[in-house]
Amino acid sequence: MGPPAPPVATSHGSHRRIGRRVVAVLAITQTIGYGSLYYSFAVLLHPIAADLHVSPAAVTGALTTAVLTWAAMAVPVGRWLDRHGGRALMTVGSVAGAGLLVAWSQVHALWQLYLVFAGLGAAMAMALYDAATAVIVSWFDTERRARALLTMIVVAGFASTIFMPLTGLLNDRYGWRATLLLLAAGYAATAAPLHAAAVRRPPPRSAATARAEPEQRRVLVRAATHDSRFWWLAVAFVAHAAAMSTMTVHLVGFLTGHGHPATFAATVAGLLGVLSVTGRLVLTVAGRHLRLSTVVAVVFAIQAVAALCLPWAAGTRLGATVAVVGFGIGFGVAGLASPALVADRYGTGAYASIAGTLAAPVTLAKATAPLAAAALHTTTGSYRPVLATVGGLCLLAAVGIVARANAPLPAARAPGSPCPRKSH
């Protein structure tokens with residue numbers, strides 16, 4: 001990938017300006033990246049299955065392949081980010097993502113689709129949220145980190161709102177193959193040049209943002225993985241990721257199966273992006289006054305109720321919309337809560353490596369859950385068991401997020417990392 005970009009030598013004011021520029025660029029590239037590489041799949045699932053003459057469950061397996069690759073890449077990507085920063089990694093990942101969208105548009109057999117999606121999984125691991133979060137965490141101290149992450153995540157939360165209806169509109173007008181070519185062109189024209197031009201490593205200007213040496217990183221990672229709180233967080237975020245991934249892939253199919261038009265289903269599913277922004281703002285405001293883990297647990301419990309009620313509410317457009325709104329409030333909460341909880345408890349010296357260790361099982365859950373849900377739907381002939389499972393997973397996530405919240409902090413922490421006050 002070439003030599004990593006050297007840290008930027010800056011004054012305090014210049015450092016903050018460059019940091020804000022990094023956040024703005026990543027907000028744009030994450031929106032376009034998630035919309036093009038990930039959310040487009042749910043809208044194109046059934047047209048692709050019809051064109052390839054295979055079942056939707058078989059096509060869903062391609063996304064599973066992508067996310068399995070993403071999971072396998074989580075730890076090595078985290079180690080690369082800790083050692084070299086994100087510029088080269090994210091630039092190469094975005095170039096590869098655009099090329100693979102083109103390849104996706106040309107598949108004519110199921111095995112070709114699976115091969116393309118294996119590559120897309122690697123590209124997403126390199127260019128999407130996990131890498132972008134690690135870059136932002138490295139740029140900002142505890143005082144400003146939450147605001148910087150919130151800015152990126154709020155903007156990127158509109159990815160589904162923008163790209164699911166857009167993908168549906170393009171598919172209706174041009175077909176799924178031309179739609180993917182248009183998405184590839186847009187992603188190539190934005191993400192790769194922006195990553196190459198704007199992503200930099202920050203200068204080691206303070207202990208709070210200093211990067212740990214390799215041996216220090218290994219000590220920090222060992223301390224985290226021997227902490228029981230880490231594994232309860234893993235349970236919570238794995239369960240929640242499985243629920244979110246299932247809903248992302250199957251919500252459109254569920255609503256059309258209830259007799260709603262495909263355009264309505266795609267538009268309602270797109271509301272998840274807007275609602276994720278609302279949920280993140282609520283989380284940020286409430287987290288200033290209440291323990292973050294408690295607020296997150298309440299949000300996850302609301303999602304459980306919404307998922308369990310959806311089969312009965314979806315008979316009407318109003319009922320479907322209300323239930324999706326209830327579920328969508330927590331749709332993006334984990335993306336903001338996870339880096340805050342990890343960085344506050346374990347510091348930033350080995351953040352990407354620790355977050356990568358957590359991301360591996362979380363991403364694995366994203367990979368397997370939609371396929372398992374498709375199999376459950378095929379077996380039972382109904383989405384009700386699927387939505388009941390989603391509700392149960394959200395309840396499990398609510399329990400896991402508060403379990404061992406008062407456990408003592410690990411002895412090994414990154415240099416200069418402050419003790420968290422309400423984030424446990």
Side-chain angles (χ1 to χ4, degrees), residues 23-48 62-63 66-67 70 90 93-105 116-117 119-121 123-133 151-195 244-245 247-252 262-263 265-280 324 328 331-332 335 363 366 370:
V23 172
V25 162
L26 292 177
I28 294 168
T29 62
Q30 295 307 292
T31 303
I32 300 172
Y34 266 101
S36 301
L37 302 177
Y38 188 76
Y39 287 116
S40 61
F41 179 85
V43 180
L44 301 179
L45 168 61
H46 291 279
I48 291 171
L63 183 63
V67 187
W70 193 342
M90 298 187 75
S94 52
V95 170
L100 287 161
L101 283 172
V102 174
W104 180 6
S105 75
V116 168
F117 268 73
L120 274 173
M124 289 189 286
M126 296 164 66
L128 293 188
Y129 178 78
D130 296 330
T133 300
T151 299
M152 181 191 74
I153 294 172
V154 163
V155 175
F158 287 98
S160 63
T161 307
I162 296 168
F163 279 87
M164 291 184 79
L166 176 62
T167 302
L169 179 64
L170 292 173
N171 177 63
D172 289 343
R173 182 166 297 184
Y174 302 113
W176 67 271
R177 296 184 187 275
T179 296
L180 288 170
L181 290 174
L182 292 169
L183 293 175
Y187 188 53
T190 52
L194 286 174
H195 287 154
M244 298 306 99
S245 181
M247 193 66 84
T248 298
V249 173
H250 292 286
L251 180 58
V252 172
T263 51
T267 301
V268 170
L271 287 176
L272 294 174
V274 175
L275 294 165
S276 72
V277 173
T278 304
R280 287 157 178 162
V324 171
F331 196 73
T363 312
K366 291 179 182 178

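Computed from heavy atoms alone, side chains included, the values below leave out hydrogens, waters and symmetry copies. Numbering of residues begins at 1 and proceeds along the displayed sequence.
Under the side-chain contact (heavy atoms from CB on, under 4.5 Å) criterion, A184 pairs with L101, V102, not counting sequence neighbours. Residues satisfying the side chain to side chain donor-acceptor pair (under 3.5 Å) criterion with T31, sequence neighbours excluded, are absent altogether.
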task = In sequence, state the C-alpha distance, the side-chain angles, and the governing distance for F158 and F163, and then conclude on ring pair (Phe, Tyr, Trp, His ring centres under 6.0 Å).
result = CA-CA 8 Å; F158 287 98; F163 279 87; over 10 Å; no

task = Could you check L180 against L44 for side-chain contact (heavy atoms from CB on, under 4.5 Å), going step by step and ending with a plain yes or no?
result = CA-CA 9 Å; L180 288 170; L44 301 179; 3.7 Å; yes

ask   = Could you go step by step and tell me if I48 and F41 meet the side-chain contact (heavy atoms from CB on, under 4.5 Å) rule?
value = CA-CA 9 Å; I48 291 171; F41 179 85; 5.5 Å; no

query = Could you walk me through whether Y38 and L63 pass the side-chain contact (heavy atoms from CB on, under 4.5 Å) check?
reply = CA-CA 9 Å; Y38 188 76; L63 183 63; 4.2 Å; yes

key: Evaluation steps, side-chain contact (heavy atoms from CB on, under 4.5 Å), between T190 and T29   = CA-CA 7 Å; T190 52; T29 62; 5.8 Å; no

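Shortest non-hydrogen contact noted between L100 and A123 is CD1-CB, 4.4 Å. Residues M124 and A66 come closest through the heavy atom pair CE-CB, 4.0 Å. Of all heavy-atom pairs spanning P165 and S160, the tightest one is CD-O, 3.4 Å. Across all their heavy atoms, G33 and Y187 have their closest contact at CA-CE1, 3.4 Å. The two residues A27 and T151 come nearest to each other via the heavy atoms CB-O, 4.5 Å.
Annotation: the span from I32 atom CD1 to I162 atom CD1 amounts to 8.5 Å, rounded to 0.5 Å.
Residue pairs satisfying the side-chain hydrogen bond (donor to acceptor under 3.5 Å, both in side chains) criterion with at least one member in residues 173-186, sequence neighbours excluded, are listed as follows: D51-W176, D51-R177, H108-R177.
Under the 3.5 Å distance criterion, the side-chain polar atoms of H195 are left unmatched by any main-chain donor or acceptor of S94. Checking side-chain atoms of S245 against main-chain N and O of K366 turns up a donor-acceptor pair under 3.5 Å. Between the side chain of Q30 and the main chain of V155, no donor-acceptor pair closer than 3.5 Å is present.
M90 is listed as a side-chain neighbour of L26, based on a closest heavy-atom distance under 4.5 Å. W70 places a side-chain heavy atom less than 4.5 Å from the side chain of D130. Side-chain contact between M164 and V252: present, with at least one pair of heavy atoms (C-beta onward) separated by less than 4.5 Å.
Using cut-offs of 30° and 60° for the angle between ring planes, the Y34 and Y39 rings count as tilted.
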